[in-house]
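All remarks here apply to the structure that follows.
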Number of protein chains: 2
Amino acid sequence: MVNLKDVAKRAGVSVSTASYSINGSTLISDDTKKKVLDAAKEIGYRPNGMAKNLKKQKTNIIGLFLSGFSGPFFTEMMEGIQDVVMSKGYELVVCASADRHRLLVESYVDGAIILNYHMEDHLLESLANEKLPIIMLDRELKGPYIKNVLLPNKKGSAMMVNYLISKGHKRIGFIAGSIESYDGESRLEGFIKELNNHNISFLEQDLLRAEFTELSGHYQMSSYLEKMGNDLPTAMVCANDEMALGAIRAIQENGLNVPDDIAIVGFDDIYASQNNNPPLTTIKVPRKQWGTIAAQSLLQMLDNQFDFEPEQILVELISRTSG
Amino acid sequence: MVNLKDVAKRAGVSVSTASYSINGSTLISDDTKKKVLDAAKEIGYRPNGMAKNLKKQKTNIIGLFLSGFSGPFFTEMMEGIQDVVMSKGYELVVCASADRHRLLVESYVDGAIILNYHMEDHLLESLANEKLPIIMLDRELKGPYIKNVLLPNKKGSAMMVNYLISKGHKRIGFIAGSIESYDGESRLEGFIKELNNHNISFLEQDLLRAEFTELSGHYQMSSYLEKMGNDLPTAMVCANDEMALGAIRAIQENGLNVPDDIAIVGFDDIYASQNNNPPLTTIKVPRKQWGTIAAQSLLQMLDNQFDFEPEQILVELISRTSG
DNA sequence: TTTAATATTGAAAACGATTTCAAATAGAAT
DNA sequence: ATTCTATTTGAAATCGTTTTCAATATTAAA
């Protein structure tokens with residue numbers, strides 16, 4: 001491997017001069033600088049990031065740590081993060097893991113954005129205690145180096161409940177996702193709470209548990225229909241769009257009509273929702289903005305500003321024909 | 001920052017003993033090992049990856065370098081890669097960039113999978129020359145440390161052409177994507193070639209250029225319909241499903257029927273295609289398998305095996321109602 | 001010329017790990 | 001007690017940079 005020493009030797013200067021030249025320091029005369037740069041190009045020099053980071057105690061890398069890559073939901077968010085991170089001279093790496101991740105734990109990153117329910121609170125807290133700035137996207141966590149950028153799930157659910165009640169619905173079911181999901185559970189929580197605000201109590205029997213996928217939504221709704229016979233709610237709120245789409249399919253397969261027999265509404269506004277038949281009424285989440293705000297907040301911390309609250313994310317009810 | 005020296009001091013041993021203990025060497029007695037591990041836990045030691053990698057000249061990281069995070073297409077492929085990479089004790093980082101990427105160039109990764117038309121051939125070739133194993137997903141590149149894991153685009157197009165001709169179509173148009181895309185262009189190439197094999201010559205006027213998105217497909221098809229009036233092909237092949245979906249929407253908005261007036265077929269078989277109205281006839285690409293084969297091939301090279309050909313990827317024609 | 005000021009350069013010490021090689025210790029055999 | 005072997009440990013070199021500090025070369029002023 002060709003290193004700085006080789007470049008220096010070739011250019012006939014010392015290692016330090018070579019380093020300065022390559023990093024564009026003003027200390028070095030243009031002549032020597034050129035000599036060094038030429039030498040570097042000639043022998044194909046490429047700096048070693050590990051050595052550089054070790055010395056500088058800084059990587060200029062931001063990590064986005066996910067629990068997995070699946071789902072159409074996250075790519076827009078990743079784009080939002082990438083835009084901001086890149087514009088500030090950092091690099092983004094996206095990693096998935098089933099628990100701790102080497103890149104997070106072993107000082108590969110200057111800051112981290114977490115959307116990974118596998119990762120334990122105390123790991124993240126102790127990292128933050130060692131001054132690693134962290135943005136939490138999937139739960140609330142406190143700490144001097146931690147900021148939360150969370151979706152207004154409860155507010156979204158409340159909006160949806162109000163909307164459905166204003167349309168005359170009195171018995172409303174809910175298709176929840178897996179219980180580990182912060183977003184999913186707070187959507188459920190907000191839903192029940194707003195129902196109660198209207199003096200409607202939620203029937204446990206009308207709570208279905210799926211796993212955020214179209215398939216699981218379809219499956220759970222099918223068994224529910226079979227189990228309940230004609231004893232059905234007039235509307236169901238789903239914790240995300242995918243499950244809503246699956247539920248709609250199940251209902252239609254049973255010869256029932258959406259929204260006439262059962263209204264189905266979702267959460268997220270993924271791309272497929274508008275083209276569905278019928279188009280899905282849902283809560284639109286500004287995914288790219290979510291990423292943008294997360295990245296901005298992180299970079300602000302990396303700039304040694306800690307006394308701020310991340311910008312609020314606003315959701316919007318999109319009324320289509322499914323509910 | 002607490003480092004190995006601190007651990008050693010705390011445990012009352014030398015740095016080397018501490019290192020051995022933590023890495024589970026058999027050289028160290030169980031007693032001392034335990035002493036060191038306890039000390040490490042007590043003071044919250046976390047190894048420094050940069051130092052480790054610098055010394056070992058190895059990172060155990062595989063990089064996946066994309067041109068961007070957008071599109072529903074890649075997440076499955078990423079899952080395939082992740083599965084294999086993780087099972088072999090490596091980590092995966094996913095990066096997007098508009099040209100070279102620091103993590104690729106500055107020795108952060110032991111191997112790279114490239115799906116990024118921004119990256120220049122000669123950069124990749126010179127990296128490979130320095131013994132960095134590379135898998136190319138988006139073009140053909142030769143070199144001792146380079147393997148190509150490419151989709152059988154031409155074959156897929158040919159299958160589609162044959163299918164359409166067998167259904168009686170004689171004038172078939174094509175909606176291409178941006179000209180930089182290897183997959184897109186080879187799909188077009190295979191399409192034209194197979195037409196010629198049937199002694200049908202392709203009319204330049206029936207070649208539309210969009211940008212792989214639903215929106216661009218919709219737009220290009222709309223202007224095309226307006227421009228051509230009644231002088232239309234009876235079928236159109238699209239270089240991917242998104243554009244096909246957009247095209248269908250445009251056609252329907254013009255009061256025409258798919259497939260009766262114009263048959264539309266796609267390529268990829270994305271999730272939305274089966275639920276479209278009408279469901280889209282397309283070429284199904286095994287995306288996850290694509291990732292799996294890529295990762296396996298890369299790890300094989302990292303295991304110092306170079307004399308092999310990556311497994312072939314097979315595509316399949318899915319006949320639905322759109323064409 | 002000599003001196004002072006400034007512009008360039010180089011030697012060497014970090015950064016935090018791994019690993020080689022030699023030394024120390026313990027235990028067993030004589 | 002002495003020697004030998006096997007086990008366990010430690011000192012120091014190394015990986016490729018950056019950066020401090022001191023030294024040298026250059027220029028301008030006296």
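A, B, ... follow the sequence lines: proteins, then strands. Residue 1 opens every chain. Predicted, not measured: the structure shown is a model, and the values here were computed from it. Side chains are part of it too, since the values below use all heavy atoms of this structure and drop only hydrogens, waters and symmetry mates.
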For the side chain of A/K56 and the base of D/dT18, is some donor closer than 3.5 Å to an acceptor across the two?
-> no
Closest to the A/K55 side chain, choosing from C/dT19, D/dT17, C/dG16 | D/dT17
Do B/T17 and B/S14 meet the criterion of a side-chain donor-acceptor pair at a distance under 3.5 Å?
-> yes
Separation of atom CD1 in B/I28 from atom P in C/dT19, rounded to whole Å | 13 Å
Hey, does A/N23 reach any base, or is it just sugar-phosphate, or nothing, if we go heavy atoms under 4.0 Å?
-> sugar-phosphate
Separation of atom NZ in B/K58 from atom P in C/dT19, rounded to whole Å | 12 Å
Donor-acceptor contact below 3.5 Å, side chain B/N116 vs main chain B/H118 = yes
A/S19, nearest nucleotide to its side chain (from D/dT17, D/dG16, D/dT18) | D/dT18
Reckon B/V13 touches a base, only the sugar-phosphate, or nothing at all at heavy-atom distances under 4.0 Å?
-> sugar-phosphate
Between B/A51 and B/T32, just flag the one whose closest nucleotide in DNA chain D comes earlier from the 5' side.
-> B/T32
Think B/S14 has a side-chain N or O under 4.0 angstrom from the OP1 or OP2 of D/dG10?
-> yes
Roughly how many Å is it from CG in B/N60 to P in C/dA17, rounded to a whole number?
-> 17 Å
A/Q57 side chain, from C-beta outward: closest of C/dC15, D/dG10, C/dA17 = C/dC15
Can you tell me the distance, in whole Å, between the NZ atom of A/K33 and the P atom of C/dT9?
-> 10 Å
Report yes if a side-chain nitrogen or oxygen of A/Y45 is closer than 4.0 Å to either non-bridging phosphate oxygen (OP1 or OP2) of D/dT17; otherwise report no.
-> yes
For atom CG of A/D31 and atom C1' of C/dT9, their distance in whole Å = 14 Å
Testing C/dA17, D/dG16, D/dG10 for proximity to the side chain of B/K52, the answer is C/dA17
Per the atom types in the model, does the base of D/dA12 pair as donor or acceptor with the side chain of B/S16 at under 3.5 Å?
-> no
Indicate yes or no: at least one non-hydrogen side-chain atom of A/Y90 is less than 4.5 angstrom from one of A/L302.
-> yes
Over how many whole Å does the gap from A/M50 atom CE to D/dT17 atom P extend?
-> 12 Å
Looking only at side-chain N and O atoms, does B/N48 come under 4.0 Å of OP1 or OP2 in C/dG16?
-> no
Tell me: CG of B/N3 to P of C/dT18, nearest whole Å?
-> 12 Å
So, do B/I146 and B/K142 sit near enough that their side-chain heavy atoms are less than 4.5 Å apart?
-> no
Rounded to whole angstroms, how far apart are CG on B/L4 and P on C/dG16?
-> 11 Å
Is it true that A/F306 and A/Y145 have ring centroids separated by less than 6.0 Å?
-> yes
Nearest to the side chain of A/L27 - C/dT9, C/dG16, C/dC15?
-> C/dT9
Heavy atoms under 4.0 Å, any strand shown: does A/S29 hit a base, just sugar-phosphate, or nothing?
-> sugar-phosphate
Considering only side-chain heavy atoms of B/V15, which listed nucleotide, D/dT17, D/dA11, C/dT18, is closest?
-> C/dT18
Please check if the side chain of A/Q82 supplies one atom and the backbone of B/A96 the other of a donor-acceptor pair under 3.5 Å.
-> yes
